There are 2 protein chains.
Amino acid sequence: MKPHGKVEFVKVVTKSSTVEDYVKVIYAFTEWQDKAITSSQLAVRLGVANSSVSEMVRKLKEQGLVHHQPYSAIKLTERGTVLALAMVRRHRLLETYLMRELGYGWDEVHDEAELLEHAVSDKFIERMSSKLGHPQRDPHGDPIPAPDGTISLPDATLLSLLDAGHRGKITRISDDNPELLRYLAHQDITLDADIEVLGQRPFGGSLMVRIGSGTDTADFDVPEEVSSALWVESTHPHADCTLT
Amino acid sequence: MKPHGKVEFVKVVTKSSTVEDYVKVIYAFTEWQDKAITSSQLAVRLGVANSSVSEMVRKLKEQGLVHHQPYSAIKLTERGTVLALAMVRRHRLLETYLMRELGYGWDEVHDEAELLEHAVSDKFIERMSSKLGHPQRDPHGDPIPAPDGTISLPDATLLSLLDAGHRGKITRISDDNPELLRYLAHQDITLDADIEVLGQRPFGGSLMVRIGSGTDTADFDVPEEVSSALWVESTHPHADCTLT
DNA sequence: TCTTTAGATTAGGCACATCTAATTCAGAAA
DNA sequence: TTTCTGAATTAGATGTGCCTAATCTAAAGA
């Protein structure tokens with residue numbers, strides 16, 4: 001058959017690791033609060049100039065991965081969310097695997113996972129997942145999305161926002177500061193530890209908390225830097241909220 | 001202190017994954033024979049145009065990774081060899097790990113390792129190596145260089161070059177054709193199997209070989225395509241040759 | 001309402017790794 | 001020795017993702 005008429009050029013969507021990083025960061029920003037990310041926040045998190053973000057966001061929009069009106073915040077589309085969740089799944093499974101199978105420390109897994117998540121195949125990810133028994137949470141307490149993009153977020157609140165008297169257990173620890181993680185590990189402040197807010201020191205000072213249960217408890221003064229990295233799940237039962 | 005005089009720009013050597021691929025292929029070409037690789041052979045193996053190789057080789061030379069006179073073959077420098085062996089170590093440890101720990105098949109490991117070798121950290125490689133008990137050979141029989149770049153090559157000969165009557169064991173199976181690997185696995189032709197060359201069919205036909213030992217043997221007609229992918233170590237003891 | 005200003009976008013370039021097309025070279029053939 | 005030919009190199013261009021500098025805009029303050 002002879003070709004006739006006009007030749008059409010179909011734009012092939014390139015899932016470069018840059019694109020993967022952008023959608024991952026856009027997703028991560030909204031995982032634990034509602035506001036959408038702005039251009040400059042995205043730039044800071046990615047370590048690039050504002051102008052780079054503007055340009056890249058235009059490309060992401062062309063590829064149908066984000067919604068964006070000039071001068072306003074950036075939101076993932078359905079397709080963008082699917083890609084982001086796939087990356088989050090990769091990242092969190094890798095972190096879990098590195099700790100459990102290769103003896104990595106709590107504070108070491110993040111950077112390595114960051115490197116690997118763009119390189120491994122889907123087959124690799126699924127093999128890892130079955131070897132680990134299909135875990136639901138990573139070592140920092142973050143939920144691992146299912147292969148189909150389903151994710152269930154625990155009903156957690158930032159420790160720094162809790163009032164005195166509140167009780168619960170530590171359900172998530174932000175993983176983007178290795179030094180903080182080392183400090184917490186050293187203090188035996190771990191995932192799933194029981195925690196009670198005792199009160200706040202005056203003039204915006206540290207938060208006083210009690211960690212542990214029964215007779216095995218210890219009190220700590222927690223500076224804002226730390227309390228804004230810890231999420232607490234209230235002991236009183238509560239409905240889960242599920243995103244798809 | 002006020003800056004004065006001329007500002008100097010120091011060229012930072014970028015170990016991009018492209019550079020890693022080039023040195024790896026240059027090294028691999030000379031691993032089992034002596035001739036250095038030419039520009040066009042390199043282009044074929046990397047799947048790029050000749051011109052791309054010319055340009056890239058100039059850059060590799062600038063970085064002190066290769067020796068090269070225009071219009072002649074390309075050789076690795078000391079530094080280039082060190083980098084190449086580091087990549088080879090990565091690749092072969094990854095292949096071994098994927099098979100032993102993640103249930104990958106003989107024919108599946110190559111491509112995955114190709115992706116991972118540029119992404120993993122040295123820490124990851126060394127953790128894998130200890131988990132595996134510091135193996136000396138990968139699943140295809142290729143020797144794994146030590147972290148310091150030492151590698152000991154077995155005294156192996158290409159099956160297609162052996163005369164009738166020669167006996168030995170299969171010590172290496174070229175890993176760059178997954179289909180061939182599947183065929184061999186299906187025929188139970190495996191690493192370390194005993195092999196005897198029975199003769200050659202006339203007019204440049206297949207090689208006739210006997211695989212196995214004692215009473216458990218089987219005869220095969222091996223086409224050139226296959227016999228040039230199998231390496232045999234003579235049963236008669238022989239000195240090892242060691243490269244550094 | 002007008003002005004200011006911080007944040008976002010466009011303009012113009014650069015580095016990297018690739019391509020096609022044109023050119024040059026080394027070694028074999030005449 | 002000269003000619004030819006295939007391999008190697010250079011020239012010029014592309015796409016991606018980044019930068020700085022210049023410009024624009026939306027929303028807050030006067």
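Convention: sequence-line order gives letters A, B, ...; per-chain numbering from 1. Bear in mind that the values here come from a model prediction, so they are computed numbers and not experimental data.
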**Study point:** Test applied, salt bridge (charged side-chain N to carboxylate O under 4.0 Å, His left out); reference residue, A:E126; option that passes from A:R90, A:K131, A:R89
**Key:** A:R89
What's the closest nucleotide to the side chain of [X] if the choices are [options]?
{"X": "B:Y71", "options": "C:dT24, D:dC24, C:dA17", "answer": "C:dT24"}
{"X": "A:P70", "options": "D:dT9, D:dG17, C:dT9", "answer": "C:dT9"}
{"X": "B:V48", "options": "C:dT9, D:dC19, C:dC19", "answer": "C:dC19"}
{"X": "A:S40", "options": "C:dG7, C:dT10, D:dT20", "answer": "C:dG7"}
{"X": "B:S54", "options": "D:dT10, C:dC19, D:dC18", "answer": "D:dT10"}
{"X": "B:S51", "options": "D:dT20, C:dT9, D:dT10", "answer": "D:dT10"}
{"X": "B:K59", "options": "D:dG17, D:dT9, C:dC16", "answer": "C:dC16"}

Nearest whole angstrom, please: distance from the [atom2] of [N] to the [atom1] of [X].
{"X": "A:H68", "N": "C:dG7", "atom1": "NE2", "atom2": "C1'", "value": "11 Å"}
{"X": "B:Q63", "N": "C:dC16", "atom1": "CD", "atom2": "P", "value": "9 Å"}
{"X": "A:M56", "N": "C:dA8", "atom1": "CE", "atom2": "P", "value": "18 Å"}
{"X": "B:L46", "N": "C:dA17", "atom1": "CG", "atom2": "P", "value": "12 Å"}
{"X": "B:E62", "N": "C:dA17", "atom1": "CD", "atom2": "P", "value": "12 Å"}
{"X": "B:E55", "N": "D:dG12", "atom1": "CD", "atom2": "C1'", "value": "11 Å"}
{"X": "B:N50", "N": "C:dC19", "atom1": "CG", "atom2": "P", "value": "10 Å"}
{"X": "A:R58", "N": "C:dT9", "atom1": "CZ", "atom2": "C1'", "value": "10 Å"}

**Study point:** Polar pair under 3.5 Å, donor/acceptor by atom type, side chain B:S39, base D:dT9
**Key:** no
Check your understanding: So B:W106 and B:H140, would you call those rings parallel, tilted or perpendicular, with 30° and 60° as cut-offs?
Key -> parallel
Exercise for review: Output yes when B:R58 and B:E62 qualify as a salt bridge under the 4.0 Å nitrogen-oxygen rule, no when they do not.
Suggested key: yes
